[in-house]
Amino acid sequence: MNRSLGLLTGIVVTALFLLLIGCEDENTSVKSPNQLEEEVSSEKEPTSDDTIKIGFSMDTLEEERWAKDKELFREELEALGAEVEIMVANEDAALQISQVETLISNGVDLLVVVPYYTETAAAIVEKAHLAGIKVLSYDRIIKNANIDLYVSFDNEMVGQLQAEAMTNLVPKGKYVYIGGAITDNNAILVKKGVFNILQPYIDRGDITVVYDQWTEDWNPDNAYKNMLAALEANNNQIDAVIAANDATAGGVIRALKEKGLEGKIPVAGQDADLAAAQRIVEGTQTLTIYKPIRALAKEAAERAVQLASGEDVEADRVINNGKIEVPSVLLSPIIVNQNNIDETIIEDGFHSREEVYHP
Ligand code: GAL
C-alpha cells in the first residue's frame, strides 16, 4: 500500500476518531466534578454476587470506644447479611484516602467513613461518588462534601450535658476547658454545647474560663501537658475541669494527681471508657457521657444496607456541613455519675460490674 493511500487512511481514521470525541465533548465536557459525582453516584447497583459489601474506613483505634464500634458495626452488618471490609488510617489523612481507593477498587457497594481530618476528607466523597458509591459519615461528619447520610450522637448535647452538671456542682469559680482535636468536627460541636451553657455564667462574672485549649489528636499526653500548664498559670487555683473525652480527662487527672489535687477538683469526660467508670466509682472523676455504641452501630448498619441497596433512608434531622444540609440521624447521649452508673453502663453490659467496681 503506497504511503499516500496509507496517510489518507490514517487521516480518515483520525478524522473519524476526532468526530467521535467531538460528540462526547458536546455531551460531557461542560459537567463539573459535582455534576459527574451526582450523576454517577446513583448508578452503581450491588455486584452480581448480591451480597452487599460495605467498606468501613476508620480513623483510629486509639480510644477504647473505636474497638467497640469496629466489632459491633461488623456484627450488625453481618446480621443483615452484608459483609464488611475495615481499614484503619491511624490518624493519617493521606493514608485514609489511599485506603478508600483500595476499598473502592475492591468493589465495595457503600463507604462508611469515620474521618481523621474532617476538612480534607471531602476528597474521599468525590472519589466514591465518581465510582458510583454513596458515603455514610459515621460518628464524625465530613465537611464541605456531598455526603449521603450522617449517623452519630448529638455532639452538641454531649457538651451541654457536661456543662449543665458541672455548673450545678460549681456555679462560680475558675474553669479549665480541655478540648478535643481541632481536626475533628465533633470536638467543635462538643465545645459549642459546653459554651452554650457556660456563657451566661461567664457574662454574669460568676465563672471565668482561665484556660481553653484543643488537644492535638485527642492525645492524653497532650491533655496532661495542657492541664499542667493551666495549673501552673493559675497557681493550682482551679475549681472545675471539662475535658472533651475520657482519654483527655485521664491526662487531666494525671496532672491533678501530681499536684495532690486528684478527687478535689471536679472533672467531666465523655465516652464511658472503663478507666473513667472506675475513676467515677472511686471519686477521682465526676461524670462521663455515655454513648451506647451498640445503638449507633445498629442504626448505621441498617441504613448502610438500605443505601447500598438503593432504598430510601429515613433521617429525621439535617446538619449543615458547610456545603449541604446533610440528612442525619442523631442519637441521644446519657450522662453518667456515681448515682446512675449501675442502671446505665452496667445494666447495658457496656462494662461489667466486676470490671468497674473491682479493677
Ligand atoms: C470523637 C468521638 C468521641 C471521642 C473522640 C476521640 O469524634 O465522638 O467519642 O472518642 O472522637 O477519638
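As the structure lists them, so they are numbered: ligands from 1, and atoms in each ligand from 1.
The proximity of Glu62 to ligand 1, defined as any non-hydrogen pair under 4.0 Å, does not occur for either the backbone or the side chain. The residue Phe153 has no part lying near ligand 1, judged by heavy-atom distances below 4.0 Å. Proximity of Thr60 to ligand 1, defined as any heavy-atom pair under 4.0 Å, is not found for any part of the residue.
In Glu314, the CD atom is not crowded: 12 or fewer heavy atoms of neighbouring residues, nucleotides or ligands sit closer than 6.0 Å. Annotation for Lys298: atom NZ does not count as buried by contact number, only 12 or fewer foreign heavy atoms lying within 6.0 Å. Atom CG of Asp312 sits in a sparse spot, with 12 or fewer heavy atoms from other residues, nucleotides or ligands closer than 6.0 Å.
A cation-pi arrangement is not found for Lys68 relative to Phe73, the charged atom failing to lie both closer than 6.0 Å to the ring centre and inside a 45° cone about the ring normal. Judged by a 6.0 Å distance limit and a 45° cone about the ring axis, Lys192 is not positioned over the six-membered ring of Phe195.
With hydrogens left out, the protein atom closest to atom 9 (O) of ligand 1 is Asp271 OD1, 2.5 Å, a heavy atom. Looking only at protein heavy atoms, the nearest one to atom 7 (O) of ligand 1 is Asp184 OD2, 2.5 Å. At the top of the distance list for atom 2 (C) of ligand 1, counting protein heavy atoms only, stands Asp139 OD2, 3.5 Å. When hydrogens are left out, the protein atom nearest atom 11 (O) of ligand 1 is Arg140 NH2, 3.0 Å; that is the closest non-hydrogen contact.
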- Task: Would you sort out whether Glu75 and Arg294 count as a salt bridge (charged side-chain N to carboxylate O under 4.0 Å, His left out), showing the intermediate values?
- Result: CA-CA 10 Å; Glu75 267 177 39; Arg294 168 73 70 183; 3.0 Å; yes
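The contact set between ligand 1 and Lys291, taken as ligand atoms under 4.0 Å from a residue heavy atom, comprises 2 (C), 3 (C), 8 (O), 9 (O). Taking a cut-off of under 4.0 Å to the non-hydrogen atoms of Asn245, the atoms of ligand 1 that pass are 4 (C), 6 (C), 10 (O).
Under the side-chain contact (heavy atoms from CB on, under 4.5 Å) test applied with Glu343, the options Asn339, Asn340, Ile346 reduce to a single match, Asn340.
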